[in-house]
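Take a look at the structure set out below.
Because the structure is a prediction, the values reported are computed rather than measured.
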Protein chains: 2
Amino acid sequence: MVDVARHAGVSLKTVSRVVNKAPNVQQELVDRVLAAVDELGFRRNQLASALRSGQQTSTVGLLIEEIANPFYATIAQVAAEVAAGFDSLLITASSEEDPVREERLLRDLCARRVDGLLVVPAGYDHSFLRAEVEQGIPVVFLDRPAGGLVADTVLLDNRGGARAGVEHLLGEGHRRIGVLLDSIGVYTMRERLGGAQEALGAAGLPYDSHLVCDGVRDPVTAAQAVAQMLDAPDPPTAFFALNNRITVGVVQELWHRNSTASVVGFDDFELSHLMPLPLTVIAYDTRELARQAAELLFARIAKQNLWPRTVVLPTRLVNRGLR
Amino acid sequence: MVDVARHAGVSLKTVSRVVNKAPNVQQELVDRVLAAVDELGFRRNQLASALRSGQQTSTVGLLIEEIANPFYATIAQVAAEVAAGFDSLLITASSEEDPVREERLLRDLCARRVDGLLVVPAGYDHSFLRAEVEQGIPVVFLDRPAGGLVADTVLLDNRGGARAGVEHLLGEGHRRIGVLLDSIGVYTMRERLGGAQEALGAAGLPYDSHLVCDGVRDPVTAAQAVAQMLDAPDPPTAFFALNNRITVGVVQELWHRNSTASVVGFDDFELSHLMPLPLTVIAYDTRELARQAAELLFARIAKQNLWPRTVVLPTRLVNRGLR
DNA sequence: GTGAAAGCGCTAACAT
DNA sequence: ATGTTAGCGCTTTCAC
């Protein structure tokens, strides 16, 4: 900037004014400065700018589990769209469901002085963020609640959705329903399993541990679990898959066997309507989840010290069972 | 940091040394400083650190078209993995295929003093980046080449893949092959179309404009285009879809009609093996594409002024036609 | 081994 | 309307 000022024969401050499009600068000086900027290939250093002017790095951090998962990719997209409306960019970091990594990444993002944080938590304890929040970095949690910290949160109605899914299968007359879930360690899985059990209990069905399969990490494992359940005595006549990766594996195995068991899957996915079996899903609006979280974050950035809010978004059953 | 120094009864510089884990500091002072850091909730400001120490923001920029597209999400994931190995985070920005947006975002990333740039270009002219490159921000282009700028580039063998796809259909005896593409404005589409035409020409087939459909943006448009081609006189007996969104639309329409036309699609996708029709695809290793680009970028960041390289990665035909 | 002073590139607060 | 000065929070240089 000093060079530009010298080149244009004006003071450093005038260059600053021109670069920041401040009013009240003679057109002639503006032109001279811009010419010098062009000639010297000057680029304003936003780090220095942010450092001096207090805060506002125009950057927000997004912490998710895994960007290659379409659910998180959608969240990243919407968050970036909302951020763009506030002239901000997104630093996206993936925790891979590892609480240690999560904490390191969140601390790193804070050290970079992001204006705010959008977090899908992996761990159980986020009290380490309290210092940062008090120092003025707003945090909004989405999809899962924070642990040990009162903060803005946007969630899905996992419990209600799971209830609706099981009730749908009960309504079709099923009495033995296999439930498959990723990991009981994940909040959304616990909620969905809870909702399913509520519906099963309300229908007067006894708890049967053979009909609940935990630790189903991917489609292949799901297919194996289905095979095992079907080969056991008194097999299920329907399956409730608690996420879409599991759903795909269930469908694959049933199709492979020409089985006529019914399937309801939690989470819709892009090609669900092209699956070789009729498939009913519990759908929700991922974009809306991200939009609400991002807008809440920017509201907090603009105006702090509001009471934390928790928003719960509805799910809906999409019946593709009639084919 | 001043506060911490006062609190610990040491100089500012000693705090800096401790925070940066510099050697040659008495253990007693280290302990006192760390205690003060904890007590005051001190967090090193990485902006100030980067500003003073010259460069190294430990941040790289990734410019893609659309993060919700699984192809780009995979690139973002791998880039983040490689970056993590160099203690760096990723700022991901989406141009939405808009060259104006692309230029604004790239300039913004440079203003934030990212250490390097990973770019899937949308526009044709990237000469505006020359100044930044000369100022020491390395840039690696991937999936598509840069315009008006000599730079490191990692590409796929689009042309060879398309040739192989068409040759596969010719080998099955097809002589009327419908080709559907997104937009001739996109580099990869031009290359793939070029490869397809090379194979068709080599087989002695005349050019027939009715068999090439441009502007197929999404599965619905693809389905409509297929319907129109099939309803025309002398319809195609096979289709070559130049990307996976088109492939999905083609499959959907053929399945809907119980058509027995063959399909080859460029790009593999997650559920391609569960499609209701036999589907052969031209696959490639997206992770490898991103890995090579990211590692090249970090090599350039570590050691500049090397001659720009262009790497072309192979594609392979995955035959799922026998079902 | 530790500290004082200077300054990275910029902007806020004040002159002029 | 323009320029001068101080200083954001940190690291570098060099003296102790």
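One finds a side-chain N or O of B:Asn20 lying less than 4.0 angstrom from the OP1 or OP2 phosphate oxygen of D:dT11. Within the 4.0 Å cut-off from OP1 or OP2 of C:dT2, not a single side-chain nitrogen or oxygen of B:Thr14 is found. Distances shown here put a side-chain N or O of A:Ser11 below 4.0 Å from the OP1 or OP2 atom of D:dG3. Between A:Gln26 and D:dT2 there is a side-chain N or O to OP1 or OP2 distance below 4.0 Å. The phosphate of D:dG9 (OP1 or OP2) has no side-chain N or O of B:Arg43 nearer than 4.0 angstrom. Of the side-chain N and O atoms in B:Ser49, none sit less than 4.0 angstrom from OP1 or OP2 of D:dC10. One finds a side-chain N or O of B:Ser16 lying less than 4.0 angstrom from the OP1 or OP2 phosphate oxygen of D:dT11.
In this structure, the CZ atom of A:Arg52 is 16 Å from the P atom of D:dT5, given to the nearest Å. What separates NZ of A:Lys13 from P of C:dT16 is a distance of 17 Å, to the nearest Å. Whole-Å rounding puts the A:Asp3 CG to C:dC10 C1' distance at 14 Å. The nearest whole Å value for the distance from the CG atom in A:Leu29 to the C1' atom in D:dA1 is 9 Å. Note: CG (A:Leu40) to C1' (C:dG9) measures 15 Å, nearest angstrom. C:dC8 atom P lies 17 Å from atom CG of B:Leu47, rounded to whole Å. Between A:Leu12 atom CG and C:dA15 atom P there is a gap of 20 Å when expressed in whole angstrom units. What separates CG of A:Asn45 from C1' of C:dC10 is a distance of 8 Å, to the nearest Å.
Listed candidates were C:dC10, C:dC8, C:dT2. Nearest to the side chain of A:Ala48 is C:dC10. Relative to the side chain of B:Leu51, the nucleotides C:dG9, D:dG3, C:dT2 differ in distance, and C:dG9 lies closest. Of the candidates D:dT11, C:dG9, C:dC10, the closest approach to any side-chain atom of A:Met1 belongs to C:dC10.
Of all non-hydrogen atoms in B:Leu129 and B:Phe141, the two that sit nearest each other are CD1-CZ, 4.2 Å. Minimum interatomic distance between B:Thr14 and B:Val33 (heavy atoms only, all atoms of both residues): CG2-CG2, 4.5 Å.
Between A:Arg291 and A:Glu295 there is a salt bridge, with a side-chain nitrogen of the basic residue lying less than 4.0 Å from a carboxylate oxygen of the acidic one.
Judged by distance alone, the side chain of B:Thr153 and the main-chain N or O of B:Ala151 form a donor-acceptor pair under 3.5 Å. In this structure, A:Gln135 contributes its side chain and B:Gly41 its backbone to a donor-acceptor pair below 3.5 Å.
Scanning atom types as modelled, one donor and one acceptor separated by under 3.5 angstrom connect the side chain of A:Arg17 and the base of D:dG3.
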